[in-house]
Amino acid sequence: MEVPVTAQSPDWWHIEQAADSLMAGGVWAYPTEAVWGLGCDPWDPEAVERILALKGRPWHKGLILVAADTQQLDFLLADAPEEVRKAVDDYWPGANTLLLPDPGERVSSLVRGDHDRVAVRVPDHPQVRRLCRAFGGPLVSTSCNRAGGSPLRWSWQIHRAFGSELDGILTGALGGARRPSRIIDPMDGTLLRD
């Protein structure tokens, strides 16, 4: 069970500051399980376009969403097939990104890309989950690097690569994973990225 963020938590104020900025259209860097991520409000097209521009990433490739828990993803999971629900139980929380159906196109094509499914993860990194909880929903989460570059693993690299282009950097430590999350098709268990 995750420890809730309270006024006594050492990172409480920083998480609240980041969540407030994200709600206002900000783009933040934060540590995840293996690499630093860039995040924003997935329902703010200007913020999503800003992340795509910062990375130099074409929109059609899509982006990943992270959430504090499965309840934040009810809008995608409510009508999901049994295979998807089982995969959610088996793989989350953890460094496993699942491709969830989005038949009602509830998620913007800027986030979904030219796909009919959404890449989603409930991470095994307490700080990311706290940030999503403080924000009140899922966030865009993509590796903090320019397209074609290696994912960044140290905060000094983020300062050097992005400088004042970000609204903030949520300090903290990476989790214990050595590589970015696996991407799995929950319908048949196909591993799309290991």
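Along the sequence shown, the residues carry numbers beginning at 1. Keep in mind it's a predicted model, so treat the numbers as computed, not measured.
Residues meeting the side chain to side chain donor-acceptor pair (under 3.5 Å) test with W28, sequence neighbours left out: S21. The side chain to side chain donor-acceptor pair (under 3.5 Å) check on T32 picks up nothing, with sequence neighbours excluded. Residues passing the side chain to side chain contact (heavy atoms under 4.5 Å, CB included) test with R57, sequence neighbours excluded: L52, K55, K61, L63. With sequence neighbours left out, D44 forms a salt bridge (Lys or Arg N to Asp or Glu O under 4.0 Å) with no residue at all. In this structure, the side chain to side chain contact (heavy atoms under 4.5 Å, CB included) partners of A161, at least two apart in sequence or on a different chain, are L152.
Crowding of E46 atom CD: a count of heavy atoms from other residues, nucleotides or ligands under 6.0 Å not exceeding 12.
With respect to E33 and R121, a salt bridge is recorded, a charged nitrogen being found less than 4.0 Å from a carboxylate O. Ion pairing between a basic and an acidic side chain is recognised when a charged N comes within 4.0 Å of a carboxylate O; D90 and K86 show such pairing.
Taking both residues in full, the closest heavy atoms of G136 and Q72 are given as C-NE2, 3.7 Å, listed atom of the first, atom of the second, then distance.
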In residues 170-177, what donor-acceptor pairs under 3.5 Å come from side-chain atoms, sequence neighbours left out?
none

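A distance of 11.0 Å separates NE2 of H115 from OG of S109, quoted to the nearest 0.5 Å. Taking NE2 from H159 and CD1 from I169, the interatomic distance works out to 3.5 Å, rounded to the nearest 0.5 Å. Interatomic distance, L54 CG to L166 CG, rounded to the nearest 0.5 Å: 6.0 Å.
If you look at W43 and F135, their ring centroids are not closer than 6.0 Å.
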Practice problem: Go through the steps for D102 and R112 under the test salt bridge (Lys or Arg N to Asp or Glu O under 4.0 Å), then give the verdict. | Solution: CA-CA 9 Å; D102 186 18; R112 216 178 46 250; 3.6 Å; yes
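When only modelled atom types and interatomic distance are considered, Y91 and T97 share no side-chain donor-acceptor pair under 3.5 Å.
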